[in-house]
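Notes for the one structure printed next.
Each residue takes its place number in the sequence, starting with 1.
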Amino acid sequence: MKKIYLVFKRIIDIILSLIALIVLLPFFILFAIIIKIESKGPVFFKQKRVTKNKKYFMIYKFRTMRTDTPKDMPTHMLKNADSYITKFGAIMRKTSIDELPQLINILKGDMSLIGPRPALWNQEDLIAERDKYGANDILPGLTGWAQVNGRDELEIPIKAKYDGEYANKISLWFDIKIFFKTIIKVFKHDGVVEGEQKNK
């Protein structure tokens, strides 16, 4: 049953990400213009992340930080992270607009709409914890069970446990539940930690 749903889930990912990219194209263009006007550098931020079976891929985001920001470091680990974030970048991060280019990753098959958030290639502690629960055996997602249960506020062992719970209980109804909880979280701006406010 799980294998059948994963095939169905991939088809839904393709359809919904394609529709979303077409609908959001005018906004993508607008955001790109604002980003280029506000600061020097590319419109998109690319970073090496971990996908299914611990393979690597390049994740896409709208650039929200200056180009001199230390690379391959989670934002919550940066000292004075706010000093690197642009004004429009701060708005995009609070509303999760910066994550929208990952629709391209979903269409390509690097990610799913729902799944564990893709770890950085050098987050060995998180990757190792997820191995314990089989959470590295499924596609990472734009949002996930850990995201709607704390996001950046969660300690790594707890985050990995939530990811493992999702991997083991994956289903249509679970995905629908996470989707609607994500919408609520986005509007409430819950669970976002910027800077070295919490040791992960």
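Here the options are Ile19, Leu25, Leu21, the test is side-chain contact (heavy atoms from CB on, under 4.5 Å), and the partner is Val23; only Ile19 passes. Exactly one residue among Tyr166, Tyr133, Phe174 makes a ring pair (Phe, Tyr, Trp, His ring centres under 6.0 Å) with Trp145. That residue is Phe174.
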| Can you list the steps and then say if Leu142 with Thr182 is a side-chain contact (heavy atoms from CB on, under 4.5 Å)? | CA-CA 10 Å; Leu142 185 62; Thr182 297; over 6 Å; no

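Looking at Asn105, its side chain does come within 3.5 Å of a backbone N or O of Met58 through a donor-acceptor pair. Listed for the Asp13 side chain is no donor-acceptor partner under 3.5 Å among the backbone atoms of Ser112. For Thr86 (side chain) and Thr64 (main-chain N/O), a donor-acceptor pair under 3.5 Å exists by modelled atom type.
Applying the salt bridge (Lys or Arg N to Asp or Glu O under 4.0 Å) test to pairs two or more places apart or on separate chains, none has a residue in residues 30-44.
Taking 4.5 Å as the limit, every side-chain heavy atom of Arg130 sits out of range of all side-chain heavy atoms of Gln123.
Shown here for Pro118 and Val50, the closest heavy-atom pair between the two residues is CB-O, 3.6 Å.
A continuous path of hydrophobic side-chain contacts links Phe8 to Trp173 [ILVMFWY only; heavy atoms under 4.5 Å].
Between Arg49 and Asp110 no salt bridge is recorded (no basic side-chain N to carboxylate O distance below 4.0 Å).
Using cut-offs of 30° and 60° for the angle between ring planes, the Phe62 and Phe31 rings count as perpendicular.
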